[in-house]
Amino acid sequence: MRLDKFLKVSRLIKRRTVANEVSDTGRISVNGSPAKAAKQLKEGDIIEIAYANRTVKVKVLKVPEGNVSVQEAPSLYEVL
């Protein structure tokens, strides 16, 4: 699954267009290197997102096939 879509379905970022913009500015890294929106994710990847006043680091636990429910979204990742 693409990075921008994962961020949207996991609800780490609310909209896919915002996820695209944030990754284009270089504020998202996967496994320690800057990542573009089209980066393919797999289980075990570490995503770091630099928000305005904090940095969130998560580990991908499960890559879904499609959209997931609001209740299921937090089970896709683990906050480190």
Side-chain angles (χ1 to χ4, degrees):
M1 176 178 282
R2 289 171 50 110
L3 174 62
D4 57 347
K5 186 166 184 180
F6 179 82
L7 293 172
K8 186 227 177 247
V9 298
S10 66
R11 289 159 177 83
L12 287 167
I13 295 180
K14 298 297 181 199
R15 290 186 305 276
R16 194 166 174 179
T17 54
V18 174
N20 279 322
E21 291 168 6
V22 172
S23 65
D24 287 344
T25 60
R27 293 178 19 214
I28 298 179
S29 64
V30 176
N31 298 326
S33 59
K36 296 293 182 189
K39 168 86 173 148
Q40 291 293 320
L41 292 180
K42 60 186 180 305
E43 293 177 9
D45 283 344
I46 305 293
I47 303 171
E48 264 189 84
I49 306 167
Y51 291 106
N53 56 355
R54 63 189 169 103
T55 300
V56 175
K57 191 174 189 179
V58 298
K59 179 179 182 181
V60 177
L61 297 178
K62 184 169 53 171
V63 179
E65 292 298 317
N67 290 334
V68 296
S69 66
V70 174
Q71 294 82 12
E72 190 181 352
S75 70
L76 299 178
Y77 61 90
E78 171 188 10
V79 178
L80 303 175

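This chain uses plain numbering: 1 for the first residue, then up along the sequence.
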Exercise. When rounded to the nearest 0.5 angstrom, what is the spacing between CG in D4 and CZ in R16?
Worked result: 4.0 Å
Exercise. Taking S69 for the side chain and E72 for the main chain, is one N or O donor matched with an acceptor at less than 3.5 Å?
Worked result: yes
Seminar exercise, completed: Closest heavy-atom pair, A73 versus S10, reported as atoms and distance to 0.1 Å, is CB-O, 3.8 Å
Exercise. By the rule that ILVMFWY residues connect when side-chain heavy atoms come within less than 4.5 angstrom, directly or transitively, which residues belong alongside V68?
Worked result: M1, L3, F6, L7, V9, L12, I13, V18, V22, I28, V30, L41, I47, I49, Y51, V56, V58, V60, V63, L76, Y77, V79
Exercise. Can you tell me if R27 uses its side chain to pair, donor with acceptor, with the backbone of A50 under 3.5 Å?
Worked result: yes
For this session: Quick one: closest heavy-atom pair of A37 and N20, and the distance?
Result: CB-OD1, 2.8 Å
Problem set entry | Considering all heavy atoms, the nearest R2-A38 contact | NH1-CB, 3.5 Å
Seminar exercise, completed: Students should find that the hydrophobic cluster of L80, defined by side-chain heavy atoms under 4.5 Å apart, otherwise consists of I46
Exercise. When you look at CZ of R15, are more than 12 heavy atoms from neighbouring residues, nucleotides or ligands closer to it than 6.0 Å?
Worked result: no
Exercise. Between Q40 and D45, what is the shortest heavy-atom contact and its length?
Worked result: O-OD2, 4.3 Å
For this session: To the nearest 0.5 Å, tell me how far E48 CD sits from S29 OG.
Result: 4.5 Å
